[in-house]
Amino acid sequence: MPADAAQADWDTGRDAGWDAGWLRSATHCPSPNFGPRPEATEIDLLVVHSISLPPGRYGTGDVQRLFSNQLDFDAHPYFQGIRGLEVSSHFFITRVGTVWQFVSCDERAWHAGVSSWQGRERCNDYSIGIELEGLEGELFSASQYASLAELSQQIRSHYPIRQVAGHEHIAPGRKQDPGAGFSWPQLQQDLGWPSAMFPPDTL
């Protein structure tokens, strides 16, 4: 089935909880950092990331400010190294499980960078990015896993998701998140999705 036809099949059954790619139950903080997806692109990949600003500090609001181009780069020495960075993700899940959305899932967020998955390059074109508040190698909270599972189910009810991967899998050697502290077996168990949907050697 052509990608546009497959997407159309999903479009006809869209969940009422969505509005033009925005999940109504999420907290919205629109980002200017996005663009159109290539025409007839099938949105079939979830990419899990981790982020905290400054690294290892939680609940600062700086992630939200970064994604909305409102971060004060003079507020912390670490920010000097990312001065002027323009990035975004579709979603961000805080340590307490609150889900923020920055970009419509119908649009292309700037979360993956140079990347490829299963022979396809430019993962931003066909993926939805989910950032977890955390640090590479450290553990994530039970609330985050619960929200990630619920969010992933909501996304899959709306888009033809067929694969889930970490940033470390689509940009190996360049990125290491979400890292060793993230439990892929727990996510697979929470979702009940086939193991073939997840990266090899993670379950």
Task: Heavy atoms from other residues, nucleotides or ligands near CD of Gln80 exceed 12 (cutoff 6.0 Å) - done: yes
TODO: For the pair Asp72 and Arg65, evaluate salt bridge (Lys or Arg N to Asp or Glu O under 4.0 Å) and give the outcome as yes or no after the intermediate values.
DONE: CA-CA 8 Å; Asp72 179 0; Arg65 285 187 278 272; over 6 Å; no
Task: Presence of salt bridge, Arg120 and Asp44, under 4.0 angstrom - done: yes
TODO: Return yes if some donor-acceptor pair links the side-chain N/O of Ser88 with the main-chain N/O of Ala109 below 3.5 Å, else return no.
DONE: no
- [ ] Check whether any side-chain N or O of His90 sits under 3.5 Å from a backbone N or O of Gly129 as a donor-acceptor pair, and report yes or no.
- [x] yes
Open item on the list: For the residue pair Trp193 / Gln153, report whether a side-chain donor-acceptor contact shorter than 3.5 Å exists.
Closed with: yes
Open item on the list: For Ala112 versus Asn124, what's the shortest heavy-atom pair and its separation?
Closed with: N-OD1, 2.8 Å
Open item on the list: Check this for me: does any side-chain nitrogen of one of Glu42 and Arg162 sit under 4.0 Å from a carboxylate oxygen of the other?
Closed with: yes
Open item on the list: Looking at Arg57 and Asp62, is there a salt bridge between them, counting it only when a charged N and a carboxylate O are closer than 4.0 Å?
Closed with: no
Open item on the list: Run the side chain to side chain contact (heavy atoms under 4.5 Å, CB included) test on Ile155 and Ile130 for me, step by step, so that the C-alpha distance in whole Å, both residues' side-chain angles and the decisive distance to 0.1 Å come before the verdict.
Closed with: CA-CA 11 Å; Ile155 293 171; Ile130 304 174; 4.0 Å; yes
TODO: Using the six-membered ring wherever Trp is involved, compare the ring planes of Phe91 and Trp18 and label them parallel, tilted or perpendicular (cut-offs 30° and 60°).
DONE: perpendicular
Task: Check: Gly166 main-chain N/O paired with His169 side-chain donor or acceptor under 3.5 Å - done: yes
Open item on the list: Is a donor from one side chain sitting under 3.5 angstrom from an acceptor on the other, for His167 and Ser115?
Closed with: no
TODO: Indicate the atoms forming the closest heavy-atom contact of Phe182 with Phe140, along with that distance.
DONE: CB-CE1, 3.8 Å
- [ ] Check whether any side-chain N or O of Glu150 sits under 3.5 Å from a backbone N or O of Ser147 as a donor-acceptor pair, and report yes or no.
- [x] no
Task: Closest contact, heavy atoms only, Pro178 versus Glu168 - done: CD-OE2, 3.4 Å
Task: Test item: Glu131 side-chain N/O and Ser89 main-chain N/O as donor-acceptor pair under 3.5 Å - done: no
Open item on the list: Please determine whether side chain to side chain contact (heavy atoms under 4.5 Å, CB included) holds for the pair Leu135 and Asp177, giving the CA-CA distance in whole Å, both sets of side-chain angles, and the decisive distance to 0.1 Å.
Closed with: CA-CA 8 Å; Leu135 192 64; Asp177 59 304; over 6 Å; no
Task: SB check Arg37 Asp106 (cutoff 4.0 Å) - done: no
